[in-house]
Protein chains: 2
Amino acid sequence: MSTLPDLDSLKLLVDVGELGSLGQAAKVAGIAQPSASKRIAHLERRLGLPLLERTPRGSTLTAEGKMVAGWAAQVLAAAHELMRAAQAVRHSEAAHLRVAASMTVAEYLVPRWLGELQNREPDVQVGLDVVNSADVAARVLAEEVELGFVEGPSVPEGLASRVVGTDRLVVVVAPGHAWARRRTALMGAELAATPLVVREPGSGTRETLDVAFRSLHRASPRLELGSNSAVKGAAQAGAAPAVLSGYAVEAEVATGRLVEVPLAGINLVRSLRAVWRRGRSLAAPAATLLAIASRP
Amino acid sequence: MSTLPDLDSLKLLVDVGELGSLGQAAKVAGIAQPSASKRIAHLERRLGLPLLERTPRGSTLTAEGKMVAGWAAQVLAAAHELMRAAQAVRHSEAAHLRVAASMTVAEYLVPRWLGELQNREPDVQVGLDVVNSADVAARVLAEEVELGFVEGPSVPEGLASRVVGTDRLVVVVAPGHAWARRRTALMGAELAATPLVVREPGSGTRETLDVAFRSLHRASPRLELGSNSAVKGAAQAGAAPAVLSGYAVEAEVATGRLVEVPLAGINLVRSLRAVWRRGRSLAAPAATLLAIASRP
DNA sequence: GGTAGGTCATAGCCTTGGGCTATGAGTACG
DNA sequence: CGTACTCATAGCCCAAGGCTATGACCTACC
């Protein structure tokens, strides 16, 4: 069994690479030098690779070490995103800047924006409420949150908005599925007539799909699942084609675990908007977050 | 201190979400049910969020739990990529399929391809040699490896090749840097005249840059560093603009930790090619890997 | 050349986190 | 009402990983 590495050791490795010595990295990690030495040795045994060139004047990464450190940095970045976002969800009361977002934005985009906000304004405590699109608007209007992020084209009365991106629902299949080799675009009607793996009714993704299918003859779903990862899992297992937010399957498509099927004749694009109370000027942290989110 | 979560617990959470019960997830993880219970409780305390809805007929993820599980899946995917690639580097002798790649391809693309290859052909043991572009060609010609991946436009005599992607060197700066707000493209001459943070001489990235600057008046580098992450770190700290492979800064640009500066009048694009010995037909695993890498 | 100051590794001790088993409480169903 | 499934709690126990102390090694500098 490929047992997973532990994040502290990966962080330690990256730090050694940057600081040039085990001892200094240990200090940063708040542990004693021998502990760091042991941890790295352990990691080397686990991976079966020499990671450090130890000399009496410090340690530098070997060629293998550099690569591992590079991959480790990616893992750590994802882990920090998780912590940051969880933090924001927890502090959703008693925060300096309160934000509401619908699921897709909250899961895939907000954590990144918050990471950058934290870089620029380390003292701002952000609170994040994750609710459906309608509730986002309500909370902004009620001034329970300063800024909201919603999917969909319509903006309720009384809200100012700015488009901060677009989300495209995509059709994905397992690499072995016949559609993975399609060269011609799939037509909306054919998609609608196919039993699909989709999110449960009530989710934003499902609603968008239902609207797009409104005028088409549609088959019942093959599976209805309550989370994006469940849907992805089913699609990877080859159950049936799945329809999901492009953001949700970005990683899987990039790594080839899922294949996107070209699509035509149906509109599955929705814009993502930042919304705030019309006429109300945004305080500094909110304005910064908006600027970050709006970056092209 | 935001202490990092541990990957086993994250995996456990994802499994609970998929399997619907703590006990079953525990079984998959190879631990007893109470241990799983404790671990999840620990994770909940650490994040300060309720993750599971426990009922006498199973456990389901709460709304917060679904989000955390989504982020966790990303972290786990990155971790698996690391393990997979490390594995391939270790088995570089005594493997069924031996591959050589230059640094950039090896670090950012090969792990993904190998992950997909492993999905399709679980029994193939891959060996990966990471060397410079010239050595890749040499090893392919010497039949030490079956397939190679190189950067650059020229393909040595005796090799067949296929373009599998392009790598663009990009200019990145910290979000606070003046260039981050540039609207007009940066001209090559201005870039060359600026002290930059770059990779050390001898690296592929540096060579590409030197070639592109050949006919220009160029300033000495501000810093020369031996790894992509060191260069990124210096750029993020605001030392100076940095020039790096687009793949290397993908994540940082997406999350806003670095900003890409638009560039004109200079060609920093290089194609990435798969190469193999001309006339030699590829064995099944090599052909599969080539197909995966060639996917648009 | 000797000393000071830096590196890392090894040895041995000790704490604690996380594993296990056993058990109890709660719900569903026949 | 027993059976069968859930999860939580209690108490025990081991080993991983922390610490300190020490030694080997190299460099720099007096």
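Throughout, a chain's letter reflects where its sequence line sits, starting with A, and its residues are numbered from 1. Excluded from the calculations below are hydrogen atoms, water molecules and symmetry mates; all remaining heavy atoms, backbone and side chain alike, are included.
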Contact boundaries of DNA chain C with chain B (under 4.0 Å, heavy atoms), 5' to 3'?
C/dG18 to C/dA28
Do B/L76 and A/L4 come close enough that some side-chain heavy atom pair is under 4.5 Å?
yes
Identify whether the distance between the nearest side-chain nitrogen and carboxylate oxygen of A/R139 and A/D135 falls below 4.0 Å.
no
side-chain hydrogen bond (donor to acceptor under 3.5 Å, both in side chains) with A/E18: which residues, sequence neighbours excluded?
none
Those residues of residues 39-47 of chain B lying under 4.0 Å from DNA chain C by at least one heavy atom:
B/R39
Identify the two heavy atoms, one from A/S245 and one from A/T104, that lie closest to each other, and give their separation to 0.1 Å.
OG-CG2, 3.5 Å
Option among B/K11, B/H42, B/R39 that satisfies the side chain to side chain contact (heavy atoms under 4.5 Å, CB included) test with B/D6
B/R39
Any pair counted as side-chain hydrogen bond (donor to acceptor under 3.5 Å, both in side chains), so long as it reaches residues 22-33 of chain A, sequence neighbours left out
none
Nucleotides 25-30 of chain D: protein proximity per nucleotide (B base, S sugar-phosphate only, - neither; heavy atom, under 4.0 Å):
BSS---
Side chains of A/Q87 and A/R90: do they bring a donor and an acceptor to under 3.5 Å?
yes
Rounding to an integer number of Å, can you tell me how far A/L12 CG sits from D/dG17 C1'?
13 Å
Residues A/E81 and A/R112 bridged, charged N to O under 4.0 Å
yes
For the residue pair A/W113 and A/F149, categorise the inter-ring angle as parallel (less than 30°), tilted (30 to 60°) or perpendicular (more than 60°).
tilted
Do you know the tightest heavy-atom contact between A/T62 and A/L52?
CG2-C, 3.7 Å
Where along residues 21-36 of chain B does a heavy atom fall under 4.0 Å from DNA chain C?
B/G30, B/I31, B/A32, B/P34, B/S35
Shortest non-hydrogen contact from A/A101 to A/V136?
C-CG2, 3.8 Å
Looking at A/E44 and A/L51, would you say the former's side chain and the latter's main chain have a donor-acceptor pair under 3.5 Å?
yes
